[in-house]
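See structure below.
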Amino acid sequence: AFGIGSSVNRYLIEGIAKSGLGEPFIVTSSYEAKVTAKKFREYVSSPVLTNVSVNFTDFDVYDVEPATIPDLFAQRPIIVSGKWRGESNGQIEVKGRTGKEAYSQIFRMAQNKSHDTENVLKYLWARKRISLLSDFNTDVENSEIKSEITNLGLTYNLLTRYTSFIAVRDIVRNTEGQAKDV
């Protein structure tokens, strides 16, 4: 998505880019035009893989985000996240089309070892899911989506528009019981 002018609606351009799984390019003054145009030209001139699909075999994968995989450009990676049940002994196949031919790469899950940092991945998935659900629950609030967002926030200890965090300290500071309004 590309916006040009001194009063570009950034919210709209960034929203269009997000929903299209692309990047926003915004020019608000003439001195930014050449730099942004060059950045845009470099971005779109180097697609690495188009018509990308990700397939999971021999293990139970669910809640994969994003539902539609964008094209892979040299300037931007593709990030796919999801969850699985049971053992991760299957494989993930990434397919697409390069400039000249079909492309396929298989990643065997049994060959990958778990790392302590993988604990963070569930929070990244939950944030992405909450973001997507929140984007499509703005005009008329859907109670099922609200419930799912709330449950994700509580399950993963994340702040959402329906959840918040309150710190409660058990030490009484005012032992005399007399409060003073300030």
Side-chain angles (χ1 to χ4, degrees), residues 1-2 13-25 39-163:
F2 209 105
I13 297 298
E14 290 170 355
I16 290 169
K18 184 177 180 181
S19 66
L21 301 173
E23 294 292 323
F25 294 90
K39 184 178 173 185
F40 174 74
R41 192 171 43 257
E42 289 171 355
Y43 178 77
V44 298
S45 68
S46 55
V48 176
L49 196 62
T50 60
N51 299 325
V52 180
S53 66
V54 179
N55 303 304
F56 306 92
T57 309
D58 297 332
F59 68 115
D60 186 15
V61 176
Y62 62 103
D63 287 343
V64 176
E65 300 293 347
T68 304
I69 312 298
D71 291 342
L72 173 64
F73 288 92
Q75 302 295 322
R76 185 190 65 168
I78 294 174
I79 299 173
V80 178
S81 60
K83 299 189 284 186
W84 76 85
R85 293 181 192 94
E87 296 294 318
S88 60
N89 292 326
Q91 63 186 30
I92 300 173
E93 181 180 20
V94 177
K95 294 167 68 173
R97 183 119 191 110
T98 66
K100 298 177 183 179
E101 59 193 6
Y103 170 87
S104 176
Q105 175 72 45
I106 294 176
F107 301 92
R108 300 190 193 294
M109 298 307 295
Q111 295 173 345
N112 295 312
K113 299 198 190 261
S114 294
H115 300 284
D116 291 337
T117 57
E118 289 179 1
N119 195 30
V120 175
L121 296 178
K122 63 184 176 184
Y123 298 106
L124 294 175
W125 171 85
R127 280 184 176 167
K128 181 70 172 175
R129 182 78 180 142
I130 289 169
S131 174
L132 289 171
L133 289 170
S134 296
D135 285 348
F136 298 104
N137 195 34
T138 55
D139 289 344
V140 178
E141 199 168 272
N142 181 316
S143 61
E144 289 177 20
I145 292 175
K146 179 180 177 181
S147 177
E148 186 174 352
I149 292 170
T150 302
N151 289 334
L152 286 167
L154 295 173
T155 301
Y156 294 96
N157 297 319
L158 296 171
L159 182 65
T160 72
R161 63 193 289 191
Y162 306 112
T163 59

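None of these values were measured; they are calculated from a predicted model. Heads up: numbering here begins at 1 and tracks the sequence.
No side-chain heavy atom of Ile79 sits under 4.5 Å from any side-chain heavy atom of Leu124. Residues Ile78 and Val52 are in side-chain contact: their nearest non-hydrogen atoms beyond the backbone lie under 4.5 Å apart. Contact annotation: the side chain of Trp125 approaches that of Leu152 to within less than 4.5 Å [non-hydrogen atoms, C-beta and beyond].
When all heavy atoms are compared, the tightest approach of Ala17 to Pro24 is CB-N, 3.5 Å. Considering all non-hydrogen atoms of both residues, Leu72 and Pro77 come closest at CD1-CA, 3.9 Å. Pairing each heavy atom of Ala1 with each of Ile13, the nearest pair is CB-O, 3.5 Å. The minimum heavy-atom distance between Ser134 and Arg161, with the atom names listed, is O-NH1, 4.2 Å.
Summarising the geometry, atom CD belonging to Glu148 is positioned 9.0 Å from atom CD1 belonging to Ile130; distances are rounded to the nearest 0.5 Å. Annotation: the span from Phe25 atom CZ to Phe2 atom CZ amounts to 7.5 Å, rounded to 0.5 Å. For the atom pair CD1 (Ile149) and CG (Asn142), the distance works out to 9.0 Å, reported to the nearest 0.5 Å. Considering CZ of Arg127 and NZ of Lys122, their distance stands at 13.5 Å, rounded to 0.5 Å. From Tyr162, atom OH reaches atom CD1 of Ile145 across 8.5 Å, with rounding to the nearest 0.5 Å.
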Distance-only criterion, 3.5 Å: show the donor-acceptor pairs between side-chain atoms of residues 55-71 and protein atoms not counting sequence neighbours.
unit_1	atom_1	unit_2	atom_2	d
Asp60	OD2	Arg85	NH1	2.9
Glu65	OE2	Arg129	NH1	2.8
Asp71	OD1	Asn51	N	3.2

Using atom types as modelled, flag every donor-acceptor pair under 3.5 Å from a side chain in residues 98-108 to any protein atom, sequence neighbours excluded.
unit_1	atom_1	unit_2	atom_2	d
Thr98	OG1	Lys100	N	3.3
Thr98	OG1	Glu101	N	3.1
Thr98	OG1	Glu101	O	3.0
Ser104	OG	Glu93	OE2	2.6
Arg108	NH1	Gln91	OE1	2.6

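Although no hydrogens or angles enter the test, the distance criterion places no donor-acceptor pair under 3.5 Å between the side chain of Thr160 and the main chain of Thr150. Counting only distance, with no hydrogens or angles, the side chain of Ser147 and the backbone of Ser143 share no donor-acceptor pair below 3.5 Å.
By the 6.0 Å contact criterion, NZ on Lys95 is open, its count of non-hydrogen atoms from other residues, nucleotides or ligands being 12 or less.
Below 30°, between 30° and 60°, or above 60°: for Phe73 and Tyr43 the angle between ring planes is below 30°, a parallel geometry.
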